[in-house]
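Keep in mind that the numbers below use all heavy atoms, side chains included, and drop hydrogens, waters and symmetry copies.
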Amino acid sequence: MSESTPLRVQSDSYLTLHYRLATLDGENIISTFDENPATLQLGTGQLAPELENALIGLEDGSHTSQELPPEKAFGPRNPDLIQRVSAQTLKENSAFGEQYVIGDLVEFSAPSGGRFAGILRAMDDNGYLFDFNHPLAGQTVIFETRIIGIL
């Protein structure tokens with residue numbers, strides 16, 4: 001009788017798993033461990049590409065915790081993504097009468113028809129300063145996973 005080789009996560013795997021993304025001090029950013037597990041197809045954009053890469057090669061049934069530095073998580077902070085937006089541009093991307101405060105996440109329409117978001121960092125008479133970096137850019141995160149099934 002031969003032992004079967006355990007299934008491993010591939011770049012296009014359909015899998016069911018529990019996962020937790022946390023800061024280095026252990027504060028959960030998101031966790032499915034106390035809820036229903038997630039079922040997703042890798043390679044379809046359901047999970048950030050860097051997080052998908054961290055899953056590749058894991059065995060069915062494995063429970064791992066990985067410390068992912070910025071370059072293997074959400075990337076380094078890019079100072080070019082901190083940009084000034086005119087009051088007119090903000091008005092064109094807002095609901096009528098919308099009022100913003102520092103720290104608000106604001107969505108904008110991209111010229112290609114897509115959407116992108118930035119966090120309002122400052123405002124003055126000349127306009128608004130937005131940070132378009134991913135909120136976790138520049139941070140090392142903990143990525144804990146338990147692979148329940150690979151299909």
So do [Y] and [X] actually touch side chain to side chain, heavy atoms under 4.5 Å?
| X | Y | answer |
| --- | --- | --- |
| Thr39 | Tyr14 | yes |
| Gln139 | Ile29 | no |
| Asp131 | Arg77 | yes |
| Thr23 | Ile142 | no |
| Thr16 | Pro37 | yes |
| Leu55 | Ile147 | yes |
| Thr64 | Leu58 | yes |
| Glu144 | Gln66 | no |

| task | Go through Phe116 and Val106 one step at a time and tell me if the side-chain contact (heavy atoms from CB on, under 4.5 Å) criterion holds. | result | CA-CA 8 Å; Phe116 62 98; Val106 179; over 6 Å; no
Is a side-chain donor or acceptor of [X] paired with a backbone partner of [Y] at a separation under 3.5 angstrom?
| X | Y | value |
| --- | --- | --- |
| Asn28 | Ile30 | no |
| Gln10 | Gly57 | no |
| Thr32 | Tyr19 | yes |
| Glu27 | Ala22 | no |
| Gln41 | Asp12 | yes |
| Ser31 | Phe33 | yes |
| Glu50 | Lys72 | no |
| Asn53 | Ile56 | no |

To the nearest 0.5 Å, tell me how far [X] [atom1] sits from [Y] [atom2].
| X | Y | atom1 | atom2 | value |
| --- | --- | --- | --- | --- |
| Gln83 | Thr89 | CD | OG1 | 11.0 Å |
| Leu68 | Glu71 | CG | CD | 9.5 Å |
| Leu90 | Glu98 | CG | CD | 9.0 Å |

| Partners meeting side-chain contact (heavy atoms from CB on, under 4.5 Å) with Asp34 (sequence neighbours left out) | none
| request: List for me each residue that meets side-chain contact (heavy atoms from CB on, under 4.5 Å) alongside Asn36, sequence neighbours excluded, and say none if there are none. | output: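 Applying side-chain contact (heavy atoms from CB on, under 4.5 Å) to Asn36 gives none.
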Taking all non-hydrogen atoms of both residues, which atom of [X] and which atom of [Y] are closest, and how far apart?
| X | Y | result |
| --- | --- | --- |
| Ala122 | Ile102 | CA-CD1, 3.5 Å |
| Pro69 | Thr140 | CA-OG1, 3.7 Å |
| Ala137 | Pro76 | CB-O, 3.9 Å |
| Ala73 | Val141 | CB-CG2, 3.8 Å |

| request: Apply the side chain to side chain contact (heavy atoms under 4.5 Å, CB included) test between Leu51 and each candidate in Thr145, Leu21, Leu42; give the one that qualifies. | output: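 Among Thr145, Leu21, Leu42, the one meeting side chain to side chain contact (heavy atoms under 4.5 Å, CB included) with Leu51 is Leu21.
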| Worked verdict on Gln88 versus Ser86 for side chain to side chain donor-acceptor pair (under 3.5 Å) | CA-CA 5 Å; Gln88 183 61 34; Ser86 71; over 6 Å; no
hydrophobic_cluster_shared for [Y] and [X], side chain cutoff 4.5 Å:
| X | Y | value |
| --- | --- | --- |
| Leu129 | Leu120 | no |
| Leu40 | Phe143 | yes |
| Ile119 | Leu136 | no |
| Ile150 | Leu47 | yes |

| query | Ion pair present between Arg121 and Asp104, side-chain N to carboxylate O less than 4.0 angstrom? | reply | no
| field | Under-4.0 Å salt bridge between Glu59 and Arg8 | value |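 Yes, charged N to carboxylate O under 4.0 Å.
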| Is the number of heavy atoms from other residues, nucleotides or ligands under 6.0 Å of Asp125 CG greater than 12? |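 Not buried by this count: 12 neighbours or fewer within 6.0 Å.
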| request: Look at the aromatic rings of Phe108 and Phe130 and report parallel, tilted or perpendicular, splitting at 30° and 60°. | output: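 If you compare the ring of Phe108 with that of Phe130, the planes turn out perpendicular.
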| Cut-off 3.5 Å, side chains only: do His18 and Glu35 have a donor facing an acceptor? | no
